[in-house]
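The structure under discussion appears below in the form of structure tokens.
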Amino acid sequence: MKFSEMTQDSWAELQLYLDTCLIPYTALTGNQSPVEATEALERLRDFLDLVEIPFKGRIMTYPAFHFEIPEMSMALNTVCKQLKASGFKYVVIMSSDGFLEEEHMPDADLILLRSDIVQKIKENEIPRYIGEKIRELWKK
């Protein structure tokens with residue numbers, strides 16, 4: 001579910017079920033042409049679909065961080081901390097192209113970087129891998 005689909009009344013009703021916040025990170029540098037930026041957004045959209053579709057009803061997708069800035073990992077960690085303070089139990093960050101310094105992100109419960117995942121497993125195994133990671137998170 002997207003944050004923009006939520007009303008104040010529905011949030012009060014669904015907050016118990018929507019315990020996981022998803023933060024997309026595009027990692028644009030500003031050097032991309034409009035075509036390249038579009039392609040990056042499409043890659044991110046396809047990667048997010050691996051979580052948003054199978055886990056709809058438990059995950060709330062927040063607005064994306066599109067541009068890379070110095071100290072991005074620490075900035076995202078601050079957002080994770082604030083989202084947890086607002087009521088989310090888990091915060092997941094996903095990026096198809098970005099790099100993040102996970103050691104600077106103790107408040108992120110799960111960081112899924114497609115660039116790292118493809119180095120570990122085959123392309124066709126990514127959906128299963130992501131599903132397992134999300135379910136493991138919820139079992140903690």
Side-chain angles (χ1 to χ4, degrees):
M1 176 175 269
K2 305 276 191 234
F3 70 97
S4 58
E5 298 170 1
M6 189 63 54
T7 65
Q8 188 64 38
D9 291 339
S10 60
W11 177 240
E13 278 180 39
L14 297 174
Q15 189 172 8
L16 292 173
Y17 307 103
L18 293 167
D19 65 350
T20 305
C21 182
L22 178 61
I23 302 174
Y25 173 46
T26 314
L28 297 174
T29 62
N31 294 325
Q32 294 89 348
S33 69
V35 171
E36 292 168 325
T38 299
E39 290 169 351
L41 287 166
E42 289 171 349
R43 282 191 301 275
L44 180 58
R45 176 204 59 210
D46 294 345
F47 191 49
L48 293 171
D49 281 350
L50 299 177
V51 172
E52 289 178 323
I53 293 170
F55 300 109
K56 184 177 182 173
R58 185 152 181 198
I59 292 185
M60 171 75 60
T61 302
Y62 260 54
F65 280 76
H66 290 295
F67 288 93
E68 185 178 279
I69 60 168
E71 318 245 340
M72 188 69 197
S73 299
M74 288 187 266
L76 281 170
N77 189 67
T78 299
V79 172
C80 291
K81 187 182 297 187
Q82 292 167 335
L83 286 166
K84 286 181 174 183
S86 76
F88 286 101
K89 185 173 182 181
Y90 306 102
V91 180
V92 177
I93 298 172
M94 290 183 73
S95 181
S96 57
D97 298 327
F99 168 78
L100 294 167
E101 297 171 10
E102 295 183 35
E103 64 273 9
H104 295 295
M105 304 181 72
D107 292 297
D109 296 293
L110 181 61
I111 301 168
L112 297 169
L113 304 175
R114 190 177 185 289
S115 55
D116 287 347
I117 294 170
V118 295
Q119 293 179 16
K120 300 175 195 173
I121 62 172
K122 296 176 185 169
E123 185 80 27
N124 64 337
E125 296 175 3
I126 292 174
R128 180 188 52 78
Y129 175 84
I130 298 244
E132 287 174 2
K133 290 294 185 185
I134 294 289
R135 285 186 284 281
E136 286 173 15
L137 171 66
W138 289 335
K139 288 180 184 176
K140 287 183 184 177

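The structure displayed is predicted, hence computed values, not measured ones.
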**OP:** Measure across Y62 and P24 and return the closest heavy-atom pair with its distance rounded to 0.1 Å.
**Re:** O-CD, 3.3 Å
Original post:
Out of curiosity, S96 OG to L112 CG, how far, rounded to the nearest 0.5 Å?
Top reply: 12.0 Å
Original post:
About how many Å separate NZ of K56 and CG of L18, when rounded to the nearest 0.5 Å?
Top reply: 11.0 Å
**OP:** Using the rule that two of Ile, Leu, Val, Met, Phe, Trp, Tyr join whenever any of their side-chain heavy atoms come within less than 4.5 Å, decide whether F65 and L41 are in one cluster.
**Re:** no
**OP:** Go through the steps for V51 and V92 under the test side chain to side chain contact (heavy atoms under 4.5 Å, CB included), then give the verdict.
**Re:** CA-CA 10 Å; V51 172; V92 177; 5.9 Å; no
Original post:
Could you give the distance from CE (M94) to OG1 (T61), rounded to the nearest 0.5 Å?
Top reply: 9.0 Å
Subject >> Separation of R45 CZ from T38 OG1 (nearest 0.5 Å) >> reply: 10.5 Å
**OP:** Show your working on side chain to side chain contact (heavy atoms under 4.5 Å, CB included) between I117 and I130 and close with a plain yes or no.
**Re:** CA-CA 9 Å; I117 294 170; I130 298 244; 3.9 Å; yes
Subject >> Where S95 and G98 come nearest, the two heavy atoms and their spacing >> reply: OG-N, 2.7 Å
**OP:** Kindly compute the distance separating CG (N77) from CG (D107), expressed to the nearest 0.5 Å.
**Re:** 4.5 Å
Original post:
Under a 4.5 Å side-chain heavy-atom rule over Ile, Leu, Val, Met, Phe, Trp and Tyr, are V118 and L50 clustered together?
Top reply: yes
**OP:** Quick one: list whatever passes salt bridge (charged side-chain N to carboxylate O under 4.0 Å, His left out) with K84, sequence neighbours left out.
**Re:** D109
Original post:
Can you name the closest pair of heavy atoms from P106 and H104 and give their distance?
Top reply: CD-C, 3.3 Å
Subject >> Qualifying salt bridge (Lys or Arg N to Asp or Glu O under 4.0 Å) pairs, either residue in residues 114-130, two or more places apart >> reply: R114-E123, E125-R128, R128-E132
**OP:** Answer with yes or no whether the hydrophobic clustering places F99 together with I69; edges join I, L, V, M, F, W, Y residues whose side-chain heavy atoms lie under 4.5 Å apart.
**Re:** no
**OP:** Taking the side chain as every heavy atom from C-beta outward, state whether R58 and I134 have any pair of such atoms under 4.5 Å apart.
**Re:** no
Original post:
Under the side chain to side chain contact (heavy atoms under 4.5 Å, CB included) criterion, do I121 and I126 qualify, and how do the steps go?
Top reply: CA-CA 7 Å; I121 62 172; I126 292 174; 4.0 Å; yes
**OP:** Any chance you could lay out the side chain to side chain contact (heavy atoms under 4.5 Å, CB included) test for Y90 and L110, step after step, and finish with the verdict?
**Re:** CA-CA 8 Å; Y90 306 102; L110 181 61; over 6 Å; no
Original post:
Under a single-linkage definition using a 4.5 Å side-chain heavy-atom cutoff for Ile, Leu, Val, Met, Phe, Trp and Tyr, are L137 and L48 assigned to the same hydrophobic cluster?
Top reply: yes
Original post:
With sequence neighbours left out, what residues match E36 under side-chain hydrogen bond (donor to acceptor under 3.5 Å, both in side chains)?
Top reply: S33
Original post:
Y25 and M105: same hydrophobic cluster, using ILVMFWY side-chain contacts below 4.5 Å?
Top reply: yes
Subject >> Heavy-atom pair of closest approach, residues L113 and F47 >> reply: C-CZ, 4.3 Å
Original post:
How many angstroms lie between atom CE of M60 and atom OG1 of T20, to the nearest 0.5 angstrom?
Top reply: 10.5 Å
**OP:** Answer yes or no: are there more than 12 heavy-atom neighbours, outside E42 itself, under 6.0 Å from its atom CD?
**Re:** yes
